[in-house]
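A short worksheet on the structure shown next.
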Amino acid sequence: MKNYFQSILIFLFSFCCFPVLADIHFINSSIKVSSGMGKAAAVFMTIKNDSDVSDRLMSVTTTSAKKAMLHDTVVSSDGVVKMKHIMMGLKFGVGEEIILKSGGKHIMLMGLTEKLKNGSLVKLVLKFKNAGDLETTVVVGDNN
């Protein structure tokens with residue numbers, strides 16, 4: 001009987017102490033290093049929310065750059081293209097996708113701390129309001 005109760009406690013303990021796998025998926029990810037000095041790079045991917053709650057991508061971190069920011073590409077009335085920092089994050093509902101692409105919303109890596117060559121791997125930590133911190137590895141190279 002004692003072993004039975006221990007088994008139940010271990011079973012219940014495992015649910016409260018181990019993280020639940022998030023149903024956030026990263027698809028078609030790539031990194032494009034900017035031309036010139038190579039001090040910046042843009043991350044493109046599709047993020048799919050297959051969880052049962054809405055979520056918000058709040059921020060991104062990486063050891064490969066001094067700063068990682070969510071950006072949107074904005075064209076002014078006079079045709080000037082600028083990058084705008086998305087300060088409040090990107091919200092997406094159940095079953096929805098966030099598409100990060102060239103000429104649109106993307107993750108900008110600034111102040112690269114290492115030389116990124118085609119085929120290099122970069123680890124990112126994406127911070128979500130509900131899903132928490134999720135890691136993904138992205139290959140340098142243009143998939144988009």
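The first residue of the sequence shown is numbered 1, and numbering continues consecutively from there. Treat the numbers as computed from the prediction; the structure is a model and nothing was measured.
Remark: Thr62 pairs with no residue by the side-chain hydrogen bond (donor to acceptor under 3.5 Å, both in side chains) rule, at least two apart or across chains. Applying the side-chain hydrogen bond (donor to acceptor under 3.5 Å, both in side chains) test to Asp133 and every residue at least two apart in sequence or in another chain returns Lys127. Listed by chain and number, the residues in a side-chain hydrogen bond (donor to acceptor under 3.5 Å, both in side chains) with Asn49 are Ser51 (sequence neighbours excluded). Asp78 pairs by the side-chain hydrogen bond (donor to acceptor under 3.5 Å, both in side chains) definition with Ser76, not counting sequence neighbours.
Between the Ser34 side chain and the Ala40 main chain, a donor and an acceptor come within less than 3.5 Å of each other. The main-chain N or O of Ser64 is found under 3.5 Å from a side-chain atom of Thr113 such that the two form a donor-acceptor pair. At least one donor-acceptor pair under 3.5 Å links the side chain of Asn130 to the backbone N or O of Ser54.
Residues Leu134 and Leu70 fall within the same hydrophobic cluster, defined by Ile, Leu, Val, Met, Phe, Trp and Tyr side chains chained together at heavy-atom separations under 4.5 Å. Residues Phe26 and Leu57 share a hydrophobic cluster, clusters being chains of Ile/Leu/Val/Met/Phe/Trp/Tyr side chains in contact below 4.5 Å. A continuous path of hydrophobic side-chain contacts links Ile107 to Leu90 [ILVMFWY only; heavy atoms under 4.5 Å]. When hydrophobic clusters are built by joining Ile, Leu, Val, Met, Phe, Trp and Tyr residues whose side-chain heavy atoms come closer than 4.5 Å, directly or via intermediates, Met108 is not grouped with Phe44. Cluster annotation: Met69 and Val33 are assigned to distinct hydrophobic clusters (Ile/Leu/Val/Met/Phe/Trp/Tyr, side-chain heavy-atom contacts under 4.5 Å, transitive).
Rounding to the nearest 0.5 Å places CE of Met58 at 12.0 Å from CD1 of Ile86. Separation of atoms CD1 (Ile47) and CG (Asn28) is listed at 12.0 Å; rounding is to 0.5 Å. Between Ile24 atom CD1 and Leu126 atom CG the span is 10.0 Å, to the nearest 0.5 Å.
Legend: ring pair (Phe, Tyr, Trp, His ring centres under 6.0 Å) pairs involving residues 118-139, not counting sequence neighbours: none detected. Evaluation of the ring pair (Phe, Tyr, Trp, His ring centres under 6.0 Å) test over residues 102-125, restricted to residues two or more places apart or in two chains, returns His71-His106.
No more than 12 heavy atoms of other residues, nucleotides or ligands lie within 6.0 Å of NZ in Lys105, so this atom counts as exposed by the packing criterion.
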Stepwise side chain to side chain contact (heavy atoms under 4.5 Å, CB included) check, Val80 with Val75: CA-CA 6 Å; Val80 177; Val75 181; over 6 Å; no
Worked verdict on Val43 versus Leu100 for side chain to side chain contact (heavy atoms under 4.5 Å, CB included): CA-CA 7 Å; Val43 179; Leu100 305 177; 5.8 Å; no
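The shortest side-chain heavy-atom distance between Lys39 and Leu112 does not fall under the 4.5 Å cut-off. In this structure the side chain of Leu121 reaches within 4.5 angstrom of the side chain of Val139, judged on heavy atoms.
Across all non-hydrogen atoms, the minimal contact from Val60 to Ala68 is O-CB, 3.3 Å. The minimum heavy-atom distance between Lys117 and Val140, with the atom names listed, is O-CB, 3.3 Å. Minimum heavy-atom separation, Gly89 to Arg56: O-NH1, 3.8 Å. Counting all heavy atoms, side chain and backbone alike, Ser30 lies closest to Gly141 at CB-O, 2.9 Å.
With respect to the salt-bridge test (charged N to carboxylate O, under 4.0 angstrom), the residues Asp55 and Lys129 do not qualify.
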